[in-house]
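Heavy atoms only: backbone and side chains are in, while hydrogens, waters and symmetry mates are out. Keep in mind the model is a prediction, meaning the values are calculated, not measured. In the text below, chain A, chain B and the rest are named by the order of the sequence lines, each starting its count at 1.
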Amino acid sequence: MPELPEVQTIVNDLNKKVKGLQILDAWTDWPKYFRRSGGFEAFLKAVKGRKIFKVWRLGKNIIFDLSAGKKMLIHQKMTGHMLVGDWKMKGKTWVPKERGPLNDRINGYIHVMFWLSGGPSGKVGASKMMGLSDLRKFAKILVADERSFQNLEDIKYIGPDPLESSFKFSEFKSLIGKKRGPIKKILMDQNVVSGIGNIYADDILFTARIHPLKKVEKLNDKESKAIFEAVKKILKKAVKLRGTSTSDYRDTAGRMGKYTEARLVYQREGEKCPRKNGVIKRIKIGGRSAHFCPACQKL
DNA sequence: TGCAGTGTTGCTTC
DNA sequence: CGAAGCAACACTGC
């Protein structure tokens, strides 16, 4: 479940591993991903031969700035993650050059592969390959020209990034002030603040001592401020620990995130709360599970 | 064995 | 019109 910290970890990895490389070729066994790009062939034509200038994050989206004014967007949705490794060709297929991400069972769901600067159609020898592992095939991939990119519905309404230093409490307050309903739902609304999903919303609200069902319109200034501070604190910590791997998420080398052990309440139903106040409870909010401590978090 | 649960987003329905 | 429900898909656990 890549949320902001997981996407940031992958973006950081990609800037180390594939920035400056050229896309030589691509492959997929799930052409459905590319319907919006006019099919896989059209997508391939748009990205083939392009150099990767830089990789950055927009909410939970990974953006590749390519040469010739192209931008490639990848949203990993629930089970997607990008893997990068050195590989070699064996017959018509690619195999890991050494023990790498593909040896890990959870990463054996690569449905899109990019060959970078020296793949099967390039020179024999050194070759980077960048794969999208995506067990449930929910991911989104598209390529656009610089001009049309800004106007894509996919990103047009994305809210401010909570880790930007320009993101201040006054802005947060005014954004949530326009909404009503359970605070947990509002925190996960990508058009309010971008990047927060189920894992971090639960831990943020525990940190701020706010009940996930608390109505956003009932929050006082002190409570809103506590949530704002917790957003920054938890997300920063999770980036430092390279994300959470309670499920499929892995970094580009196939390694798990270490926030998994640092989790406060997410998927800890029945355990004693980290403040030793109560037992963590799970409820449903808008069809999703929310974990909280009934003793620490009051309505 | 079958079905609920998993969580992100966008589309459909009320 | 906004909110709720469901579909996209595949695997796990009870």
Participant: So does A:Arg35 have more than 12 non-hydrogen atoms from other groups sitting under 6.0 Å from CZ?
Facilitator: no
Participant: Within a reach of under 6.0 Å around NZ of A:Lys281, are more than 12 heavy atoms found that belong to other residues, nucleotides or ligands?
Facilitator: no
Participant: If you assign each of A:Lys284 and A:Lys140 to its closest nucleotide in DNA chain B, which residue comes earlier from the 5' end?
Facilitator: A:Lys284
Participant: Given C:dC11, B:dG10, B:dT6, identify the nucleotide with an atom nearest to the side chain of A:Leu135.
Facilitator: C:dC11
Participant: CG of A:Asp248 versus P of C:dC11: gap in Å, rounded?
Facilitator: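 Taking atom P of C:dC11 as the reference, CG of A:Asp248 is at 10 Å.
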Participant: Over how many whole Å does the gap from A:Met188 atom CE to B:dT8 atom C1' extend?
Facilitator: 10 Å
Participant: Mind checking the P distance from C:dA8 to B:dT1? Whole angstroms is fine.
Facilitator: 26 Å
Participant: Round to a whole Å and report the spacing from CG of A:Leu4 to P of B:dG7.
Facilitator: 18 Å
Participant: Applying a 4.0 Å non-hydrogen cut-off, can you work out what A:Arg35 is touching in the nucleic acid: base, sugar-phosphate, or nothing?
Facilitator: nothing
Participant: Is A:Asp134 salt-bridged to A:Lys77, going by a charged N under 4.0 Å from an acidic O?
Facilitator: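 Salt bridge: no.
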Participant: Taking atom P of B:dT9 as reference, at what distance in whole Å does atom CD1 of A:Ile155 sit?
Facilitator: 14 Å
Participant: CZ of A:Arg136 versus C1' of B:dT6: gap in Å, rounded?
Facilitator: 6 Å
Participant: Nearest-Å distance, NZ (A:Lys137) to P (B:dT8)?
Facilitator: 21 Å
Participant: With P as the reference atom in both, quote the distance from C:dG5 to B:dA4 in angstrom, rounded to an integer.
Facilitator: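 Going atom to atom, P in each nucleotide, I get 15 Å.
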Participant: Could you state the atom-to-atom distance from NZ of A:Lys77 to C1' of C:dA10 in whole Å?
Facilitator: 15 Å
Participant: Honestly, is A:Arg275 close enough over A:Phe206, meaning NZ or CZ under 6.0 Å from the six-membered ring centre and within 45° of the axis?
Facilitator: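 Yes; both conditions hold, so A:Arg275 lies above the ring face of A:Phe206.
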Participant: For A:Arg36, is there an ion pair with A:Asp154 - N to carboxylate O distance below 4.0 angstrom?
Facilitator: yes
Participant: Measuring only the P atom in each nucleotide, how far is C:dC9 from B:dG2? A whole number of Å is fine.
Facilitator: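 C:dC9 and B:dG2 have their P atoms separated by 22 Å.
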Participant: Is the A:Tyr200 to A:Tyr266 ring centre distance short of 6.0 Å?
Facilitator: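 No, they do not, as the ring centres are separated by 6.0 Å or more.
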Participant: Just call it for A:Gln76: base, sugar-phosphate, or nothing, with non-hydrogen atoms closer than 4.0 Å on any strand.
Facilitator: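 Answer is nothing: A:Gln76 stays at 4.0 Å or more from every strand.
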Participant: P atom, C:dC14 versus B:dG7: distance in rounded Å?
Facilitator: 16 Å
Participant: Taking the P atom of each, how far is C:dC6 from B:dC3, in whole Å?
Facilitator: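 The answer is 16 Å between these two P atoms.
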Participant: Regarding A:Tyr266, tell me which of base, sugar-phosphate or nothing describes its non-hydrogen contacts under 4.0 Å with the strands shown.
Facilitator: sugar-phosphate
Participant: Can you tell me which stems DNA chain C forms, taking runs of 3 or more consecutive Watson-Crick or G-U pairs with both distances under 3.5 Å?
Facilitator: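 Detected stem regions: B:2-6 with C:10-14, B:8-14 with C:2-8.
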Participant: If we take the C1' atom in both C:dT12 and B:dT9, what is their distance in whole Å?
Facilitator: 23 Å
Participant: Measure from the side-chain heavy atoms of A:Phe138 and tell me the nearest of B:dT9, C:dA4, B:dG7.
Facilitator: B:dG7
Participant: Please lay out, stage by stage, how A:Asp202 and A:Arg263 fare under the test salt bridge (Lys or Arg N to Asp or Glu O under 4.0 Å).
Facilitator: CA-CA 10 Å; A:Asp202 281 357; A:Arg263 271 175 304 132; over 6 Å; no
Participant: Would you tell me if any nitrogen or oxygen in the side chain of A:Ser289 comes within less than 4.0 Å of OP1 or OP2 on B:dG7?
Facilitator: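 Yes.
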Participant: With heavy atoms under 4.0 Å as the rule, sort A:Thr246 into base, sugar-phosphate or nothing.
Facilitator: nothing
Participant: Please say yes or no: joined through hydrophobic side-chain contacts below 4.5 Å, possibly via intermediate residues, are A:Leu175 and A:Leu187 part of one cluster?
Facilitator: yes
